[in-house]
Amino acid sequence: MRWNSFFSPTLRDAPSDAEAVSHKLLVRGGFIRQLHSGHYILLPLAHRVRKKIISIIETEMDAIGGQQVQMPTLQTASMWQKSGRLESMGDIMFRLQDRHGTEAALGVTAEEIFAIAATEITSYKQLPQMWYQIHTKYRDEARPKSGLLRVREFTMKDAYSFDLDEDGLDASFKHQHEAYTKIFERMDLKAIPVEASSGNMGGSDSIEFMVQAEAGEDYTVICNGCGYGANIEKAVSQLDPIADLEAPEKPAKFSTPNIRTIAALAEAGHAAENQIKTMVYVIDGQLTLALVRGDHLLNEQKLADATGGVTIRQANSEETVRLLGAEPGSLGGVGVTELPILADLALRGRSNMTTGANENNFHLSGVDIERDIDIKEWLDLRSVQNGDRCSECGDLLKIVTTIESGHIFKLGTKYAKTFGANILDENGKSRTVLMGSYGIGVERAIATIVETHHDEKGIIWPITVAPFQVVITIVQTKDEESVRIGEEIYESLSEEGIEVLLDDRDARPGVKFADAELIGIPYRITVGPKGIANGVIEFVPRATGETALIPIPEVTSYISEIVRT
RNA sequence: CGGGACGUGGCGCAGCUCGGUAGCGCACCUGCUUUGGGAGCAGGGGGUCGAGAGUUCAAAUCUCUCCGUCCCGACCA
């Protein structure tokens with residue numbers, strides 16, 4: 001490709017509303033333009049990168065027996081109704097009507113369709129199957145952000161496996177896991193597989209592939225000691241035991257004027273770790289108390305997972321007052337019998353604690369949690385905090401921000417059963433197939449690579465996904481000798497199958513160098529009178545910036561060698 | 001959905017307080033000079049000032065409504 005006719009509108013300044021590094025660089029480099037919030041135009045540079053990533057994914061999916069298909073993205077609401085996700089997806093789903101008034105939706109994900117397609121499988125002899133598509137997904141995100149990292153319309157590779165039994169599902173899951181490892185390696189993303197919640201997808205054995213990056217939106221707990229890793233929505237840790245003084249025979253009410261926070265109560269002499277924090281939630285319409293230790297944070301996803309709740313929100317103060325008789329800040333579980341009370345495991349066995357008295361400006365001390373509160377269930381509800389110890393090895397845990405780059409999980413019969421994906425086994429008995437679901441966001445991968453591969457000058461693409469592998473910068477387009485040699489190298493490298501961008505633009509060298517560095521092409525060849533006088537060109541890897549002088553006749557073999565390895 | 005900010009040529013911004021008919025830098029076009037790290041000079045093109053309504057002799061500027069965009073939080077396979 002000749003830069004003279006290649007469209008790559010680079011900018012000196014990033015748009016003022018771009019925050020994430022990848023967002024700024026992709027816009028400045030002329031890869032993308034925003035159409036409106038959450039929808040981006042992919043210009044030629046981005047499209048080339050996207051194709052590279054898709055090709056890597058396809059190769060690895062095919063290598064584990066994946067068969068590519070293409071599903072409709074416009075789907076009837078009734079299909080989603082059947083799986084129950086028309087409701088549970090909530091506002092994330094774009095909904096519309098056709099001319100007959102039939103309710104429809106745009107594809108958010110495709111478990112339903114694949115389960116329907118799987119009804120075509122009739123015999124155990126046809127199993128296992130692994131199907132995938134690389135297709136557009138639509139999600140009406142509450143807040144699209146950070147350029148390509150969170151958008152409303154994007155390309156996803158979504159794969160679905162179909163197996164006869166658990167062993168088969170385990171094998172399919174393992175194949176995907178291994179394929180993901182290869183895919184991320186090939187894109188040079190250091191993706192850490194971590195335990196995760198499967199959210200409203202339903203299922204078990206949920207593993208997310210997380211890439212550490214400042215712009216990441218997920219919190220991941222990592223142990224340097226043993227390699228334990230888990231999404232904060234799932235992570236566990238061990239706590240130092242607390243030796244409580246014996247509680248008095250019964251709780252004592254005491255006056256706490258204007259004390260409404262854990263911190264204020266702690267200042268008044270009741271250490272946060274000796275307090276019970278009482279939170280009121282509405283879980284699928286049911287008001288519920290959730291208790292955690294005063295210095296702990298409740299994780300709503302854990303609450304949702306533990307209760308199987310689909311819609312969860314904190315109760316408003318009106319509901320709270322109506323049911324408990326007090327406002328947040330003075331709430332507690334003592335004496336509450338009409339609401340289910342869920343308590344975090346860290347509270348188990350604790351006594352002599354302090355909690356709200358369900359009367360504004362009063363608290364109770366000397367509370368023995370098991371004796372005084374009618375706990376319905378003990379659950380893991382708390383978020384791991386920085387400095388907690390690993391429950392595997394005891395080492396310190398740390399919390400890092402990460403980008404969720406891939407997610408694989410086992411669905412079991414959840415969708416297969418609903419849509420009747422049954423087969424006959426070797427005994428002629430009808431069985432429901434077991435499904436797994438495996439996703440990677442393509443444009444998010446583009447952004448994630450940029451987040452982790454850049455410097456102050458711009459992007460540094462890994463060669464495997466770079467829009468071009470080599471750029472030839474002709475320093476002086478008016479110098480005929482330079483142009484001739486540049487063209488020659490361009491021709492011979494292109495014949496070698498190398499993707500070359502020939503910078504034949506009539507621009508000043510500084511502009512050309514800056515552009516080449518901004519868009520991040522891994523290798524640059526500089527052709528100019530200075531080098532030609534000595535029979536050489538300059539070769540500069542983008543990553544190191546270290547210039548090597550290569551004799552002109554050796555250029556093609558030298559570069560092909562490097563690009564291929 | 002709660003909180004905050006912003007909307008003026010493609011990008012970055014000024015002008016708004018105190019109404020008088022739109023300007024700067026970059027980018028773009030033409031010419032000349034220049035050319036190894038974002039050139040110089042000269043000339044030029046491009047903006048219903050987010051939209052609508054109102055106040056006024058007069059609105060980018062004041063008022064109201066709406067729309068859009070970003071940030072924080074909530075939420076998020």
Side-chain angles (χ1 to χ4, degrees), chain A residues 9-20 23-24 27-30 33-39 43 85 88-93 107-112 137-147 149-152 154 156-160 196-203 206-209 215-219 231 233 300-301 304 311-314 316 403-409 411 437-441 444 457-458 473-479 482 503 505-518 524 526-533 537-538 540 545 547:
Chain A
T10 55
L11 299 172
R12 270 199 206 201
D13 301 309
S16 58
D17 51 19
E19 197 81 2
H23 186 188
K24 289 182 185 166
V27 173
R28 280 192 55 210
R33 287 295 185 263
Q34 179 174 311
L35 180 62
H36 49 247
S37 183
H39 299 261
L43 295 172
R85 292 209 289 184
S88 66
M89 280 289 175
D91 293 335
I92 201 86
M93 193 174 234
V108 173
T109 172
E111 282 75 11
E112 283 83 353
K137 295 286 179 287
Y138 298 90
R139 295 187 184 177
D140 193 354
E141 293 286 351
R143 181 144 95 88
K145 58 183 285 203
S146 308
L149 279 175
R150 180 165 294 278
V151 292
R152 305 205 303 172
F154 62 97
M156 181 161 96
K157 183 288 295 182
D158 49 326
Y160 304 85
S197 158
S198 42
N200 76 353
M201 300 300 292
S206 170
I207 292 183
E208 288 170 335
F209 288 79
E217 305 174 84
D218 287 296
Y219 292 96
N231 190 305
E233 296 172 348
E300 290 191 7
Q301 188 63 48
T311 57
I312 289 207
R313 63 171 174 87
Q314 284 202 43
N316 54 42
I403 298 167
E404 180 190 343
S405 303
H407 196 169
I408 61 177
F409 42 95
L411 298 168
S437 169
Y438 318 91
I440 294 180
R444 178 178 284 186
K457 290 176 176 171
T473 305
I474 297 175
V475 174
Q476 265 271 25
T477 46
K478 292 228 162 59
D479 180 52
S482 295
D503 194 350
R505 295 176 299 172
D506 179 23
R508 299 181 70 82
V511 173
K512 297 180 161 199
F513 294 145
D515 273 350
E517 283 154 354
L518 175 61
R524 187 177 85 213
T526 310
V527 182
K530 234 163 64 178
I532 291 171
I537 54 86
E538 287 152 45
V540 191
T547 303

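Letters A, B, ... mirror the listed sequences (proteins, then strands); counts begin at 1.
- The pair A:Glu19-A:Lys145 does not count as a salt bridge, with every side-chain nitrogen at least 4.0 angstrom from each carboxylate oxygen.
- Distances shorter than 4.0 Å separate none of the side-chain N or O atoms of A:Arg508 from OP1 or OP2 on B:G38.
- Nucleotide B:G73 is matched to B:C1 when pairs are restricted to Watson-Crick or G-U wobble geometry with both distances under 3.5 angstrom.
- One P atom belongs to B:A60, the other to B:U21, and the distance between them is 10 Å to the nearest Å.
- A:Gln476 and A:Ser482 form no side-chain donor-acceptor contact under 3.5 Å, judged by distance and modelled atom types alone.
- Note: CG (A:Leu11) to C1' (B:C13) measures 15 Å, nearest angstrom.
- Distances were taken from every side-chain heavy atom of A:Asp17 (C-beta onward) to each of B:G12, B:G36, B:U69; the shortest belongs to B:U69.
- Proximity of a side-chain donor or acceptor of A:Lys512 to a complementary backbone N or O of A:Val475 within less than 3.5 Å is not detected.
- Between the side chain of A:Arg444 and the backbone N or O of A:Leu149, at least one donor-acceptor pair lies under 3.5 Å.
- Taking the C1' atoms as reference points, B:C67 lies 26 Å from B:U56, given to the whole Å.
- The partner of B:U30 is B:A42, judged by Watson-Crick or G-U wobble contacts that both fall below 3.5 Å.
- Residue-level contact check: A:Phe154 touches the bases, meaning some heavy atom is under 4.0 Å from a base atom.
- Mapping A:Glu141 and A:Arg33 onto RNA chain B via the closest heavy atom, the residue that lands nearer the 5' end is A:Arg33.
- Below the 3.5 angstrom threshold, one finds a donor paired with an acceptor across the side chain of A:Glu517 and the base of B:G37.
- Within 4.0 Å (heavy atoms only), A:Arg150 reaches at least one base atom of the nucleic acid.
- Of the side-chain N and O atoms in A:Arg143, one or more sit less than 4.0 angstrom from OP1 or OP2 of B:C72.
- The backbone N or O of A:Thr10 sits nowhere less than 3.5 Å from a side-chain atom of A:Arg28 that would complete a donor-acceptor pair.
- Using a 4.0 Å heavy-atom cutoff across all strands shown, A:Arg524 reaches at least one base atom of the nucleic acid.
- Residue contacts for A:Thr10: at a heavy-atom cut-off of 4.0 Å it reaches no nucleic acid atom on any strand shown.
- In this structure, the nucleotide among B:A74, B:C71, B:G25 sitting nearest to the side chain of A:Asp13 is B:G25.
- A gap of 23 Å separates the P atoms of B:A22 and B:C18, to the nearest Å.
- The CD-P distance, from A:Glu208 to B:C76, rounds to 13 Å in whole Å.
- Contact annotation: A:Ser16 reaches the phosphate of B:C13 (side-chain N/O to OP1 or OP2, under 4.0 Å).
- In the model, A:Asp158 has a side-chain atom that pairs as donor or acceptor with a side-chain atom of A:Tyr160 under 3.5 Å.
- Pair assignment for B:G7: B:C67, on the basis of Watson-Crick or G-U wobble contacts that are both within less than 3.5 Å.
- To the nearest whole angstrom, the two C1' atoms, one in B:A53 and one in B:G12, are 32 Å apart.
- For the pair A:Gln34 and B:C70, the criterion of a side-chain N or O lying under 4.0 Å from OP1 or OP2 is met.
- Checking B:G25, B:A74, B:C76 against every side-chain atom of A:Glu300, the shortest atom distance belongs to B:A74.
- Relative to the side chain of A:Asp515, the nucleotides B:U35, B:G38, B:C71 differ in distance, and B:G38 lies closest.
- On the C1' atoms, B:G52 is 24 Å away from B:G20, given to the nearest whole Å.
- Using Watson-Crick or G-U wobble geometry with both donor-acceptor distances under 3.5 Å, B:U55 finds no partner in any strand shown.
- Rounded to an integer number of Å, the gap from CG of A:Leu518 to P of B:C11 is 17 Å.
- Nucleotide B:U21 forms a pair with no other nucleotide shown, judged by Watson-Crick or G-U wobble geometry with both contacts under 3.5 Å.
- Residue whose closest nucleotide on RNA chain B sits further toward the 5' end, between A:Gly528 and A:Leu35: A:Gly528.
- Rounded to the nearest Å, the gap between the P atom of B:C6 and that of B:C16 is 15 Å.
- Across all strands shown, A:Gly441 has no heavy atoms under 4.0 Å from either base or sugar-phosphate atoms.
- Comparing B:A5 with B:C41, their P atoms sit 41 Å apart, to the nearest whole Å.
- Across B:U61 and B:U48, the matching P atoms stand 15 Å from one another, rounded to whole Å.
- Across B:U35, B:U69, B:A74, the shortest atom-to-atom separation from the side chain of A:His36 is found for B:U69.
- Contact annotation: A:Thr526 does not reach the phosphate of B:G36 (side-chain N/O to OP1 or OP2, under 4.0 Å).
- Residue A:Ala14 is in sugar-phosphate contact alone, with no base atom involved, counting any heavy-atom pair closer than 4.0 Å across all strands shown.
- Here B:C75 presents its P atom at 12 Å from OH of A:Tyr219, a figure rounded to the nearest Å.
- In this structure, A:Lys478 reaches the bases: a heavy-atom distance under 4.0 Å links it to at least one base atom across the strands shown.
- Which of B:C11, B:C70, B:G36 sits closest to the side chain of A:Phe513 comes down to B:G36.
- Contact annotation for A:Pro529: base contact, defined as any heavy-atom pair under 4.0 Å involving a base atom.
- Judged by Watson-Crick or G-U wobble contacts below 3.5 Å, the nucleotide B:A60 has no partner.
- Side-chain contact between A:Ser37 and A:Arg152 is absent, with no heavy atoms from C-beta onward closer than 4.5 Å.
- Nearest nucleotide to the side chain of A:Gln476, out of B:C71, B:U35, B:G38: B:U35.
- At a cut-off of 3.5 angstrom, counting only N and O atoms as typed in the model, there is a donor on one side and an acceptor on the other between the side-chain of A:Arg28 and the base of B:G38.
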